[in-house]
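Here is the structure we will look at, set down as structure tokens.
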Amino acid sequence: MQLNYDYAVLINTAAIRLQISTDDIIALEIIKRETNTKNIEDIYFDMVLAVTVADEDKLLETRTRKHIYKQEESTYTVASNKLPSRPVIVGFGAAGIFAALILAEAGTRPIVLERGQNVDNRRERVQRFWNTGELDIQTNVQFGEGGAGTFSDGKLKTGQKDARKLKILDEFVRAGAPDEIKYLTKPHIGTDRLRVVVKNLREKIISLGGEIVFGAKANNVLYKDSKITGVRYDKDGSEFEIETDNVVLAIGHSARDTFNNLFDSGIKMEQKPFAVGVRIEHPQELINRIKYGRFASHPALGAADYRMVVHLKNSRGVYTFCMCPGGAVAAAASEENAITTNGMSEFMRDGRNANTALLVTVDKKDFANDSPLAGIDYQRKIEAAAFIAGGGGYKAPVQRLEDFLAKRQSASFGDVLPTYKPGIVFAEVDSYLPDYVADSLRRAITEMSDWMPGFYYPDAILTGAETRSTSPVKIIRGENLEAYGINGLYPCGEGAGYAGGIISAAVDGILCAERILNI
Ligand SMILES: Cc1cc2nc3c(=O)[nH]c(=O)nc-3n(C[C@H](O)[C@H](O)[C@H](O)COP(=O)(O)OP(=O)(O)OC[C@H]3O[C@@H](n4cnc5c(N)ncnc54)[C@H](O)[C@@H]3O)c2cc1C
């Protein structure tokens, strides 16, 4: 399909394909749209269209051509269900939200404990941190309503869509996400629209009988005779307990204090490999030119993205992660005196810079010991080194790409200015990342520049450290999704090690709710 299509063009194309008149088409819907850039001189959209006609079966009988088939309806419904007690969900990120939604739809009146504040208060506190460097360790880019994805690009990795994913997309759209997320192959919501979506999902859960308690930090789960009995939590300086038979533990990958408490009370965990590195910023206009050539400023295409993976001879994998077109590098700390970066964009993706994490895989051979929590210590060490390199006040160390490759400190910027707030300082990447990580990055950048000529852009800016791409811990669970040896405890989502991103965390939330409901 040409880039400049409209509804009439779609109707015409569908009519020609089906060999019917345009008047026979009652309704038309885009099911999938993918930008085809195989030939940069001829960029177009690959599309799947769903067409409603009066007698579909008859039409299909006479149209035996490839690529024409009956679209199966897929709806996700939950029957109402009774549980012995109200289920408790710890954490209101993607996993917790969708676990709560399904449990609320089933009429079980779930209670959600969320350590951070609601999204409006959270936004204020995050803005204050970005403006002044004043960090709130309970409400920040990692913690608070909506979870780690709220201040993000809201990229949705949908892949093959099953009933659960369709349910998630549908709920997002009802809550205020753009309709296009249902059909684009690489959709995004943007942080500005995500904040609205999260609020509306909260209201829906409440309207179905759910309850969300903000500022409630679960300290530990309570269990007896291999069976969950409740949750202990702090709120406003006092400690409370809720009795329950089912707990969904959807605490995300940064709840280090909670991981510690859970580990101390005997919850089985293991180390999980992850990746660390830096954020790299290029001019978005350069990325558009590299990916779209003469179509670079075509309004139908938006800001271009990219993704690269390199396997080095030293057996390390280096890859780009969470690319944010037209976005900003986000200060994403949740602990004092530590710097960690991430990326975010508004829905329009109209910022000057493109950024992506550039990450090197690390695993048990790099960690100090065999403790399941050793990966957290590894992250902390890098985050503290980055804080020191930045000179304090959550200023991040930055370096021009050319200087990083030449192993020298930068003295001035070229035409890429960093977007990280609350501030930056020139310092070498080598001062805060282990040498094998920095060296792997150098080798990979050279290879990536062969794959994507222009990626080596001397003025590109490296900001660090990027340490929280995923969870360094896995909470062990069985096939029934319950924690090893504890009935009624459901480790869930990214933090527990069963998801990587908003969609997969939301799917895992649904799966845990289904197990509780015995679906
Ligand atoms: C800046 C940024 C940008 C990102 N961009 C994208 C993107 O574009 N696309 C994408 O797919 N993914 C993105 N991610 C990753 C994505 O956010 C996560 O994969 C996803 O949020 C995981 O969902 P979750 O529910 O498992 O955990 P989280 O979203 O981390 O939610 C966990 C929740 O639990 C709460 N919590 C923690 N401990 C406790 C406790 N003890 N008691 C009560 N509550 C607790 C936290 O406050 C938090 O709200 C991004 C992450 C960040 C930080």
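In each ligand, atom 1 is the first atom listed, and ligand 1 is the first ligand listed. We count residues from 1, following the sequence as given. Remember, predicted model here, so these are calculated numbers, not experimental data.
Within the listing of ligand 1, atoms 42 (N), 43 (C) sit less than 4.0 angstrom from a heavy atom of Ala216. The Ala250 neighbourhood of ligand 1 comprises atoms 32 (C), 33 (C), 34 (O), with distances under 4.0 Å to a heavy atom of that residue. Near Gly493, the atoms of ligand 1 lying under 4.0 angstrom from a non-hydrogen atom of the residue are 26 (O). The distance from ligand 1 to the heavy atoms of Asn342 drops below 4.0 Å at these ligand atoms: 1 (C), 2 (C), 3 (C), 4 (C), 51 (C), 52 (C), 53 (C). Of all the atoms in ligand 1, the ones that sit under 4.0 Å from a non-hydrogen atom of Gly154 are 8 (O). Interface atoms of ligand 1 facing Gly144, defined by a heavy-atom separation under 4.0 Å, are 47 (O), 49 (O). Within ligand 1, counting atoms from 1 as listed, the ones closer than 4.0 Å to a heavy atom of Val90 are 40 (C), 42 (N), 43 (C). Below 4.0 Å from some heavy atom of Gly252 lie the following atoms of ligand 1, by number and element: 27 (O), 28 (P), 30 (O), 32 (C).
A donor-acceptor contact shorter than 3.5 Å is absent between the side chain of Asp508 and the backbone of Ser504. The closest donor-acceptor contact from the side chain of Asn131 to the backbone of Arg128 lies at 3.5 Å or more, if one exists at all. Although no hydrogens or angles enter the test, the distance criterion places no donor-acceptor pair under 3.5 Å between the side chain of Glu383 and the main chain of Thr467. Distance alone, capped at 3.5 Å, is enough to place a donor-acceptor pair between the Ser85 side chain and the Asp245 backbone. The main-chain N or O of Gly501 is found under 3.5 Å from a side-chain atom of Glu494 such that the two form a donor-acceptor pair.
Within the structure, ligand 1 lacks Gly509 among the residues with a heavy atom less than 4.0 angstrom away. Ligand 1 lies less than 4.0 angstrom from a heavy atom belonging to Glu114. Ligand 1 has Gly343 within reach: a non-hydrogen atom of the residue lies less than 4.0 Å from it. Residue contact annotation: Lys157 has no non-hydrogen atom under 4.0 Å from ligand 1.
Of the polar atoms of Ile503, none of the N or O atoms is found under 3.5 Å from an N or O of ligand 1, judged by distance alone. Annotation: Glu145 places no N or O atom under 3.5 Å from an N or O atom of ligand 1; distance criterion only. Where the criterion is an N or O separation shorter than 3.5 Å, residue side chain and backbone included, Val141 fails it with respect to ligand 1. The distance criterion of under 3.5 Å between nitrogen or oxygen atoms is met by Gly149 with respect to ligand 1. Residue Ala255 places no N or O, backbone or side chain, under 3.5 Å from any N or O of ligand 1. Residue Lys217 has no N or O atom closer than 3.5 Å to an N or O atom of ligand 1. Geometrically, ligand 1 and Gly501 share a nitrogen or oxygen pair separated by less than 3.5 Å. Not one N or O of Phe151 is nearer than 3.5 Å to an N or O of ligand 1, by distance alone.
Scanning both residues, Ala218 and Val231, for their nearest heavy atoms gives CB-CG1, 3.9 Å. Closest approach of Ala332 and Asn342 over heavy atoms only: CB-CB, 4.1 Å. When all heavy atoms of Ser254 and Phe143 are compared, the pair lying nearest together is O-CZ, 3.3 Å. Of all heavy-atom pairs spanning Ile228 and Tyr223, the tightest one is CA-CB, 3.9 Å.
Taking a 6.0 Å sphere around NZ of Lys272, one finds it holds more than 12 heavy atoms contributed by other residues, nucleotides or ligands. Summarising the local packing, CD of Gln127 is surrounded by more than 12 heavy atoms from other residues, nucleotides or ligands at distances under 6.0 Å. Residue-environment remark: CZ (Arg352) stays at or below the threshold of 12 foreign heavy atoms within 6.0 Å. The number of heavy atoms from other shown groups lying within 6.0 Å of OH (Tyr76) is above 12.
The nearest heavy-atom contact from the protein to atom 26 (O) of ligand 1 is Glu494 N, 2.8 Å. Among all non-hydrogen protein atoms, the one lying nearest atom 6 (C) of ligand 1 is Ser152 CB, 3.7 Å. In terms of protein heavy-atom proximity, atom 40 (C) of ligand 1 is nearest to Ala218 N, 3.7 Å. The protein heavy atom nearest to atom 34 (O) of ligand 1 is Gly91 CA, 3.2 Å. Remark: minimum distance from atom 31 (O) of ligand 1 to any protein heavy atom is reached at Gly93 CA, 3.4 Å. Nearest protein heavy-atom neighbour of atom 45 (C) of ligand 1: Arg115 CD, 3.6 Å. Taking atom 8 (O) of ligand 1 as the reference point, the nearest protein heavy-atom neighbour is Lys155 N, 3.0 Å. Scanning the protein heavy atoms around atom 29 (O) of ligand 1, the nearest turns out to be Ala148 N, 2.9 Å.
For atom 13 (C) of ligand 1, the nearest non-hydrogen atom from the set Leu194, Ile502, Thr191 comes from Ile502.
Heavy atoms of Leu113 found under 4.0 angstrom from ligand 1 belong exclusively to the backbone. Counting heavy atoms closer than 4.0 Å to ligand 1, residue Ala330 contributes nothing at all. No part of Ala332 comes within 4.0 Å of ligand 1, judged by heavy-atom distances. Heavy atoms of Tyr233 found under 4.0 angstrom from ligand 1: none, in either backbone or side chain. Counting heavy atoms under 4.0 Å from ligand 1, residue Ser254 does not touch it at all.
Ion pairing between a basic and an acidic side chain is recognised when a charged N comes within 4.0 Å of a carboxylate O; Asp170 and Arg174 show such pairing. A salt bridge between Arg33 and Glu180 is absent, with no side-chain N of the basic residue lying under 4.0 Å from a carboxylate O of the acidic one. Contact check on Asp305 versus Lys155 returns no salt bridge, with no Lys/Arg side-chain nitrogen under 4.0 Å from an Asp/Glu carboxylate oxygen.
Checked against the 6.0 Å centroid criterion, the rings of Phe274 and Phe367 qualify as a close aromatic pair. Taking the centre of each ring, Tyr420 and Tyr394 stay at or above the 6.0 Å mark.
Within the 4.0 Å cut-off (strictly below), a protein heavy atom is located near atom 49 (O) of ligand 1.
Ring planes of Tyr306 and His282: perpendicular class, angle over 60° (limits at 30 and 60°).
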Practice item. Dump the intermediate steps for salt bridge (Lys or Arg N to Asp or Glu O under 4.0 Å) on Lys167 and Glu514, then the final yes or no. Key: CA-CA 14 Å; Lys167 159 88 175 161; Glu514 288 173 356; over 6 Å; no
